[in-house]
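So the structure is just underneath, and the comments pick up after that.
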Amino acid sequence: MRVLVTGATGYIGGRLVPRLLDAGHDVRVLVRNPRKLQDVPWADRVTVAEGDLQDADAVAGAVDGIEAVYYLAHAMGADGDFEQAERDAAQTMARVGHEAGVQRFVYLGGLHPDGDLSKHLRSRKEVGEILLGSGVPTVALQAGVVIGSGSTSFEMIRHLTDVLPWMPAPRWVRNHIQPIAVRDVLYYLVEALTIPADVNRAFDIGGPDVLRYGQMLNGYAVEAKLPQRPITVLPVLTPRLAAHWFNVVTPIPRKLATPIIESLQFECVQREHDIDDVIPPPEGGLTSYRRAVRLALAKMRKGDVETSWRNATLSSGSADPLPSDPDWAGHTVYVDDRKRHSSAPPEAVWSVVESIGGENGWYSFPLAWVARGWLDKIAGGVGLNRGRRDPKRLEQGDALDWWRVERLVRGRYLRLRAEFKSPGRAWLEMTVTPSDDGGSDYHQRAIYFPQGLAGRLYWYGILPFHGVIFPGMVERITARAEREAHRTDSTQRNSTYQNDDAQPAHEEAA
């Protein structure tokens, strides 16, 4: 089928697209920023349409000639009235898709009980109802907590259990939840295209286990070879306080944790199993919770995490690209500009640049970086421990601690956009160019656009730290590259000497 996927840069969408391609479908993706797909392995196998879901003209262009639409976009973690934004986007897709003759909508929502719901669950339910009422036959799959490497829910469980030997927890740890492995969610999404064309309804989907949240935490502990954690229920932990607590203890930003925590206040289990009538269970059966955890941990150990919550774009971070230098006229802008020549070749310097952040650190005054990260966490930001997807390789759109990879020219240029809390917008640029003597030149710029008086005071307040951090980064990045280059040269020379020493013996034996 000719298929359109919205939300292709998200956790589920980024995994669904290659599976649809492998199943033989012709896939088009609708994204706001095509650059985010620049480095994904399936980029050259899809057609890319650029636009926003609230832009009817962009949606009309994207659905032209399309038979089925996967609606996976949502505004979790957004500022302002995200319910209205999701409503507008769904109504646009419903109307334009119907007019264009789309034959099937496939939507992924959340398990929910009847009655009053959290804002997040209420919005997810409403979007499904809009698509079901569109006149286009719709399959609305309703899933619970998704367990997989890099999923927000799994990472919350993992970090809570890894960090805390004893857990103070809200009352909802006693609620029943029906988790589902990400592989099973993807199975149902792909198979949804086989459901008879006249089916227009919602289906609950879930794994084989119904557990309390506390049991899920200790189930993870068993698979991670950790002692089971005692859990104490504290009635004073409201959803808002719990979100702050999760934000401090785990790398999950408060904006992402809050809607999940609000949803966990409800018992989210399958109320029907009608999905079995139209899609048979996957071969070998559905994945148990413990096995899903085991698989996720194995993926992490191998560094084989396809998509991650880390790449969720938070509206608290500036979404605007860095204005080009000529446009700085008329702006108040502060720049910390530093250059350094290195005897290391460009590829050695670039290797250090591309490996920056995460467990590798920032090569300068780690205490200052940690302190700034904790301040950001306390303010509800992403903090420093969001880490990175891969320890050595970056891709455009990747999250990197509190930065976002905004522009990447591999081997030469890296631009990071800050997503920490501050009264202004910030970028960090790193450029590597070859020099005539066989070495390289490293150029580093920190750029800050302040907002109002607070932004100016912020810049001057952190100037003393910048006077230590940025020179240290330049010095240590180039020094690290020179050490690595020297080590590589020594290894190659030793290998050459060993081969030369072995040559006469080889000739004598011959």
Side-chain angles (χ1 to χ4, degrees), residues 10-20 22-23 70 72 106-113 121 124 128 138-158 161 175-196 199 201-224 260 263-264 266-300 302 304-309:
Y11 179 75
I12 296 292
R15 298 186 181 212
L16 175 65
V17 169
R19 286 160 177 80
L20 290 172
D22 292 344
Y70 281 91
L72 304 177
V106 180
Y107 170 67
L108 181 63
L111 288 175
H112 58 268
L121 282 179
R124 299 282 76 215
T138 298
V139 173
L141 300 174
Q142 300 177 152
V145 170
V146 176
I147 301 299
S149 57
S151 77
T152 308
S153 298
F154 174 72
E155 289 293 289
M156 287 172 66
I157 291 168
R158 181 170 76 90
T161 313
N175 288 349
H176 289 96
I177 300 165
Q178 192 162 1
I180 183 169
V182 65
R183 59 173 49 201
D184 292 337
V185 174
L186 295 168
Y187 166 78
Y188 282 123
L189 285 170
V190 172
E191 292 298 313
L193 296 181
T194 68
I195 293 177
V199 173
R201 57 160 292 182
F203 293 93
D204 289 353
I205 60 173
D209 302 314
V210 176
L211 304 166
R212 298 181 189 275
Y213 197 77
Q215 290 176 307
M216 292 172 63
L217 293 170
N218 276 318
Y220 168 86
V222 171
E223 293 300 329
I260 293 176
S263 301
L264 291 173
F266 305 94
E267 296 214 339
C268 294
V269 299
Q270 279 184 270
R271 294 175 296 173
E272 44 83 10
H273 292 79
D274 296 349
I275 191 68
D276 294 340
D277 297 332
V278 290
I279 299 177
E283 185 177 353
L286 293 165
T287 309
S288 69
Y289 170 72
R290 291 268 298 273
R291 181 165 182 260
V293 170
R294 195 156 57 245
L295 291 168
L297 289 171
K299 287 267 191 180
M300 291 172 57
K302 292 188 296 184
D304 186 24
V305 180
E306 291 180 68
T307 58
S308 171
W309 69 270

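Within the model, atoms CZ of Arg124 and CD of Gln142 stand 11.0 Å from one another, a figure rounded to the nearest 0.5 Å. How far CG of Asp204 is from CG of Asp274: 8.5 Å, rounded to the nearest 0.5 Å. Within the model, atoms OH of Tyr187 and CG of Leu286 stand 8.5 Å from one another, a figure rounded to the nearest 0.5 Å. The distance from the OH atom of Tyr213 to the CE atom of Met156 is 4.5 Å, given to the nearest 0.5 Å. Within the model, atoms CD1 of Ile275 and CD1 of Ile195 stand 5.0 Å from one another, a figure rounded to the nearest 0.5 Å. The structure places OG of Ser151 at 8.0 Å from CZ of Arg15, a figure rounded to the nearest 0.5 Å.
Listed by chain and number, the residues in a salt bridge (charged side-chain N to carboxylate O under 4.0 Å, His left out) with Glu283 amount to none (sequence neighbours excluded). With sequence neighbours excluded, no residue forms a ring pair (Phe, Tyr, Trp, His ring centres under 6.0 Å) with Tyr188.
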Using the side chain to side chain contact (heavy atoms under 4.5 Å, CB included) rule, take Ile12 and Leu189 through it: C-alpha gap first, then chi angles, then the decisive distance, then the call. CA-CA 10 Å; Ile12 296 292; Leu189 285 170; 3.6 Å; yes
Candidate pair Ile177 and Leu211, rule side chain to side chain contact (heavy atoms under 4.5 Å, CB included), full reasoning: CA-CA 5 Å; Ile177 300 165; Leu211 304 166; 6.0 Å; no
Verdict with reasoning, Arg183 to Arg19, per side chain to side chain contact (heavy atoms under 4.5 Å, CB included): CA-CA 11 Å; Arg183 59 173 49 201; Arg19 286 160 177 80; over 6 Å; no
Would Leu297 and Phe154 satisfy side chain to side chain contact (heavy atoms under 4.5 Å, CB included), going step by step from the backbone distance to the final call? CA-CA 10 Å; Leu297 289 171; Phe154 174 72; 4.1 Å; yes
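Residues Val145 and Ser153 share a closest heavy-atom pair of CG1-CB, 3.3 Å. Nearest heavy atom pair, residue Gly10 against residue Thr307, reads O-CG2, 4.1 Å. The two residues Ala296 and Ser149 make their nearest non-hydrogen contact at CB-N, 3.5 Å. Considering every non-hydrogen atom in both Val139 and Ala192, the closest pair reads CG1-CB, 4.3 Å. Closest approach of Ile180 to Ala143, counting heavy atoms only: CG2-CB, 4.2 Å. Across all their heavy atoms, Phe266 and Leu121 have their closest contact at CD1-CD1, 3.8 Å.
In this structure, Val182 and Tyr11 have side chains that are in contact, with non-hydrogen atoms separated by less than 4.5 Å. With a 4.5 Å cut-off on side-chain heavy atoms, Ser288 and Asp209 count as touching. Here the side chains of Ile205 and Asp184 are not in contact, with every heavy-atom distance at 4.5 Å or above. Inter-residue side-chain proximity for Ile147 and Ile157 is flagged as met; some heavy-atom pair is nearer than 4.5 Å. Leu111 is not listed as a side-chain neighbour of Val269, based on a closest heavy-atom distance of 4.5 Å or more. Glu267 has its side chain out of reach of Gln178: every pair of non-hydrogen atoms, C-beta onward, lies at least 4.5 Å apart.
Proximity of a side-chain donor or acceptor of Tyr70 to a complementary backbone N or O of Gly13 within less than 3.5 Å is not detected.
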